[in-house]
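Quick caveat, the model's predicted, so the values are computed rather than measured. These values consider heavy atoms only, across backbone and side chains, with no hydrogens, waters or symmetry-generated copies.
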Amino acid sequence: MRDGKSGELPGIDPARTVRSFFIVAIAYYLGAEIAFLVGTLSDKIFAPFWPPNVVLFCALVLSPPRQWWIYILAVLPAHIAAELRVGMPATQLLVAFVTNCLVAAINAYALQWLKVGPPWFGNIRNATAYVFVTAFVGPGLCAFGGAFVQILGGGFIDDYGLYWARWYASNALGSLTLGPLALICLEKIPFSIVSPVRRRLEALLIAVVLALTCIVAFEQVPTIATGYVPALLYLPLPIIVWAAVRFGSKGASGAIMVVSLVLIWRTLNGPSPFVVGSAEANVFAMQLFLIGLSTPILLLGSAIEETRHAETVTRDREARISVAAASSSVGLWQYEIATGAFWATDYCRKLFDLPADAPLSLDRLLSRIHPNDFKAASAAFRSAIMRAAPLEIEFRVQGTDDGVHWISARAQPIFGESGEPTAMTGAFGDTTSRKMAEADADMQRQEIAHLMRVSMLGELSGGLAHELTQPLTAILSNAQAGKILLAGGKKNLEEIGNIFDDIITEDGRAGEVIHRLRGLLKKGEIKYEAIDMNELIGSTLRLLHSELIDRRISVSDDKAVDLPLTKGDPIQLQQILLNLFMNAMDAMDGVVPTRRAISVSTATTQEGGVEVRISDCGTGLPPSQEQHVFQPFFTTKKRGLGLGLPICASIMKLHGGSLSLQNNVRDGATAIFRLPPVGA
């Protein structure tokens, strides 16, 4: 037999095959006896359905074709015993057996060829194939031979069409009433999912109510007007649909069996709506009614079964995805654009600090966003939904414990077959840990940047001392000159005023140096402000004035006249300038003094930003090392740490700009950095 769960054909088990041999033989014989008992009240009435063919069909369809001969051999003595008991002649008996085997084999082979297997009525494809093959194709073809059974039993050849129709209807009805119920019962259902008592009681209630309804509906009472008979036939339909909706294909096949048994009993044992003439004609009318009723009900039950299975699979997948997403600190969500319906995994409640029983909606989630981020985040969500555009945003959520955590939201639109957007689907992620790590990394970067500034100022200490000594010496000289004038009795107020002006000017020079040093040495938060890059370059060169003179380096500048303002932290940007100028000076240590020169230029980028170029006449970079200069701890200096350029690159990235280094066409190298405009 086939494996009822997977439909695969296992190897032959001799003990199981022998057991199945006797079970099929006994079932075939009992089916024939039931057919004679239920369907043949006289030897002139053809059976309403023929259970033995259903028994053989089930045995064949559940077995590999190489074993079919075993079950055909098993039913032969059962068939002979049953038919001889009603006095069937040998020739008629043989033709009946051949046609019975033929219809069962055709039906079984066609279903196996179409790869129809358990669950037999679990989807609409299987049910459609089963109905088409077993209720129409197989019986229709074999009825051409089956019609001769009655002709060999004394029927007239002129009634061949009638005999064909009777044989067809009997086998088709058996396939639609007994076949589905038999195959469903033969499926291997795990014991753990057997229906609970409540479901069994509901099924029993439906069966009883349906049977009573059919008894009333199918009784032909003389006092009932003929026009009401069609309405009575539809009376059991709501209960049949109830059975199909509640129990799927099992309920549909069970309901069909109940209706068939009640109707056959009514048709053969008393008045019924199917009184059209002779007893054989009444049975045939009843068969056609049941065939017409069974087909859509079976398909309905299978469609419901398939829908429920799809829903179960979807729920299971959602549950697995939810667990996987929650394990990754991600909450999934989807927003239906047309209806406004919102779905989200339970982890979204945790991310937004919502109670477990609180209804989920997009507005409810957005209301949990931190007040400082709410306006921008809400506008971004609604704009993405309205424009059906991708969304990527980060915001803070106010926790119930007055804590704040960061959420990352990403979403993509879903488009229907017409190309119109139908939904937005996305994910929420907890990025609090990343934000904290970024904050720690930024703090460490600022610490390192500060140490690098202190280190650079240490290297420039001699020049800076000279820059301070000059104005202080000038102040002292002017003060002494003023004192001499006053001591000599000369009261030339104009000359004394000039002395005071010189003291104020030199004090300003010293104050600027001290102010710049204080700014470079001080720790503090990054403060973005509008910056005139030309002025920042000028103040940096004034700090380096003595160092440039000591190293005998000349500086030429080509500053743009209408250079736009940029935005950034002046201390950090000056650190970049100091580092690049120092690198340019160090690169020319091996160059003769007469050729030592640095050129600095500024220009406006196409985007309206600022570009700064600092070129030297040194040895340049080895071609193999151009890609490594921004890597930490990579240096071409003998006493370098390899941190200056990586820190400059990280500062520039923080400002939304870029930093690059390239060799000149002739000597030296050029450092280029670009900053976005103020409004970027």
Asker: Do Leu212 and Val208 make a side-chain contact, defined as non-hydrogen atoms from C-beta onward lying under 4.5 Å apart?
Answerer: yes

Asker: Salt-bridge test for Asp363 and Arg368: reply yes if a basic N is under 4.0 Å from a carboxylate O, no otherwise.
Answerer: no

Asker: Restricting to ring-ring contact (aromatic ring centres under 6.0 Å, His included), what partner residues turn up for Phe428, sequence neighbours left out?
Answerer: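 For Phe428 the ring-ring contact (aromatic ring centres under 6.0 Å, His included) partners, ignoring immediate neighbours, are Trp333, Phe352.
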
Asker: Any heavy-atom pair between the side chains of Glu83 and Gln92 that's under 4.5 Å?
Answerer: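 The answer is no, as the side chains (C-beta and beyond) never meet within the 4.5 Å cut-off.
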
Asker: Going by the rule side-chain contact (heavy atoms from CB on, under 4.5 Å), which residues pair with Ala384 if we only count those two or more places apart in sequence or in a different chain?
Answerer: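 So Ala384 forms a side-chain contact (heavy atoms from CB on, under 4.5 Å) with Leu391, Met424.
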
Asker: Sorted by first residue and then second, give each ring pair (Phe, Tyr, Trp, His ring centres under 6.0 Å) pair with at least one member in residues 84-105; sequence neighbours left out.
Answerer: His79-Phe97

Asker: Could you work out, with side chain to side chain donor-acceptor pair (under 3.5 Å) as the rule, every residue matching Gln334, not counting sequence neighbours?
Answerer: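 If we apply the side chain to side chain donor-acceptor pair (under 3.5 Å) test to Gln334, skipping adjacent residues, the hits are Glu336.
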
Asker: Less than 6.0 angstrom separating the ring centers of Phe121 and Tyr130, yes or no?
Answerer: yes

Asker: Can you give me the closest heavy-atom contact between Thr422 and Gly416, atom names plus distance?
Answerer: CG2-N, 3.6 Å

Asker: Tell me, please, which residues at least two apart from Leu73 pass side-chain contact (heavy atoms from CB on, under 4.5 Å).
Answerer: Trp69

Asker: What pairs with Tyr160 under ring-ring contact (aromatic ring centres under 6.0 Å, His included), at least two apart in sequence or on another chain?
Answerer: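 Partners of Tyr160 by the ring-ring contact (aromatic ring centres under 6.0 Å, His included) criterion, ordered by chain and then number, come out as Phe148.
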
Asker: Look at atom CZ of Phe342 and say whether more than 12 heavy atoms of other residues, nucleotides or ligands are closer to it than 6.0 Å.
Answerer: yes

Asker: Taking side chain to side chain contact (heavy atoms under 4.5 Å, CB included) as the criterion, tell me which of Ile239, Ile297, Ile240 meets it with Val259.
Answerer: Ile240

Asker: Got a sec, which residues hit side-chain contact (heavy atoms from CB on, under 4.5 Å) with Ala105, two or more places apart in sequence or on another chain?
Answerer: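 Once residues adjacent in sequence are excluded, the partners of Ala105 under the side-chain contact (heavy atoms from CB on, under 4.5 Å) criterion are Leu60, Trp68.
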
Asker: Going through the distances and angles, do Trp113 and Tyr109 end up as a ring pair (Phe, Tyr, Trp, His ring centres under 6.0 Å)?
Answerer: CA-CA 6 Å; Trp113 182 76; Tyr109 180 81; 7.7 Å; no

Asker: Sequence neighbours excluded, which residues qualify as salt bridge (Lys or Arg N to Asp or Glu O under 4.0 Å) partners of Arg125?
Answerer: none

Asker: Can you name the salt bridge (Lys or Arg N to Asp or Glu O under 4.0 Å) partners of Arg387, sequence neighbours left out?
Answerer: none

Asker: Taking ring-ring contact (aromatic ring centres under 6.0 Å, His included) as the test, write out the residues that go with Phe284, two or more places apart.
Answerer: none

Asker: Could you go through Leu183 and Cys58, starting from their C-alpha distance and side-chain angles, then the distance that decides it, and tell me whether this counts as side chain to side chain contact (heavy atoms under 4.5 Å, CB included)?
Answerer: CA-CA 7 Å; Leu183 288 175; Cys58 291; 4.0 Å; yes

Asker: For the residue pair Tyr28 and Asn100, confirm or rule out a side-chain donor-acceptor distance under 3.5 Å.
Answerer: yes

Asker: Less than 4.5 Å apart, side chain to side chain, heavy atoms only: is that true for Asp159 and Ile151?
Answerer: no

Asker: Do Ile385 and Leu362 make a side-chain contact, defined as non-hydrogen atoms from C-beta onward lying under 4.5 Å apart?
Answerer: yes

Asker: Which heavy atom of Val55 sits nearest to which heavy atom of Ala27, and what is that distance?
Answerer: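 In this case the closest contact between Val55 and Ala27 is CG1-CB, 3.7 Å.
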
Asker: Test of understanding: with ring-ring contact (aromatic ring centres under 6.0 Å, His included), list the residues that count as partners of Phe415, not counting sequence neighbours.
Answerer: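 Partners of Phe415 by the ring-ring contact (aromatic ring centres under 6.0 Å, His included) criterion come out as none, since no residue qualifies.
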
Asker: Taking only residues two or more places apart in sequence, or in another chain, which ones meet Leu102 in a side-chain contact (heavy atoms from CB on, under 4.5 Å)?
Answerer: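 Result, side-chain contact (heavy atoms from CB on, under 4.5 Å) vs Leu102: Ile106, Cys142.
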
